Amino acid sequence: MGEERFQGVLKLFFPEKAYGFVTRHDNPEEDVFVHKVALEKSGIYEIPPLGTPMSYSIHVSPKGQHQANFLKIEGGMAPAVSKGFAQIHQVPAAPPAPAPKPF
């Protein structure tokens, strides 16, 4: 008998920290933690774009945190896929500050 599967969408992901969160369809106020390793173990080697629908099972860690496992992309990825974990969902750098005006 398989584990219970849940549906949600990738809410956000921090590539520099290698983790993010999936919003649950059955409980939108509770996000589920997802680590880059869980994506890779599920055969997902690129971070899906934010908003990508996913199914997953939930593992409760010893600390009581809900973690997504055995993820599967449902219905294809959202648009704007880029290659490599570091290239997706990067926050653009802030523009340089203007030079001070002389007196």
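Predicted model only: the values in this text are computed from it and were never measured. Counting begins at 1 with the first residue of the sequence.
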So which atom in [X] and which in [Y] form the shortest heavy-atom distance, rounded to 0.1 Å?
{"X": "I73", "Y": "P48", "value": "CD1-CG, 3.9 Å"}
{"X": "V9", "Y": "P53", "value": "CG1-CA, 3.9 Å"}
{"X": "R5", "Y": "L71", "value": "NH2-C, 4.3 Å"}
{"X": "A38", "Y": "N69", "value": "CB-OD1, 4.3 Å"}
{"X": "L10", "Y": "F21", "value": "CD1-O, 3.6 Å"}

*Under 3.5 Å, side chain of S42 to main-chain N/O of I44, donor-acceptor pair present?*
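No, because the side chain of S42 does not come within donor-acceptor range (under 3.5 Å) of the backbone of I44.
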
_Derivation of the side chain to side chain contact (heavy atoms under 4.5 Å, CB included) call for K36 and Y19_ = CA-CA 6 Å; K36 174 182 158 183; Y19 73 85; over 6 Å; no

*asked:* Please say yes or no: joined through hydrophobic side-chain contacts below 4.5 Å, possibly via intermediate residues, are L39 and L50 part of one cluster?
replied: yes

*asked:* Parallel, tilted or perpendicular: which one describes the rings of F33 and H35, with boundaries at 30° and 60°?
replied: tilted

*Kindly indicate, with the supporting measurements, whether the criterion side chain to side chain contact (heavy atoms under 4.5 Å, CB included) is fulfilled by M54 and V34.*
CA-CA 11 Å; M54 308 183 95; V34 62; over 6 Å; no

Nearest 0.5 angstrom please: [X] [atom1] to [Y] [atom2], how far?
{"X": "S57", "Y": "F6", "atom1": "OG", "atom2": "CZ", "result": "8.5 Å"}
{"X": "L12", "Y": "I47", "atom1": "CG", "atom2": "CD1", "result": "11.0 Å"}
{"X": "E46", "Y": "E40", "atom1": "CD", "atom2": "CD", "result": "11.0 Å"}

*Step by step, would you call H66 with D31 a side chain to side chain contact (heavy atoms under 4.5 Å, CB included)?*
CA-CA 8 Å; H66 289 172; D31 295 332; over 6 Å; no

_Using the side-chain contact (heavy atoms from CB on, under 4.5 Å) definition, which of the options E74, R24, K72 pairs with Y56?_
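Filter result, single survivor: R24.
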
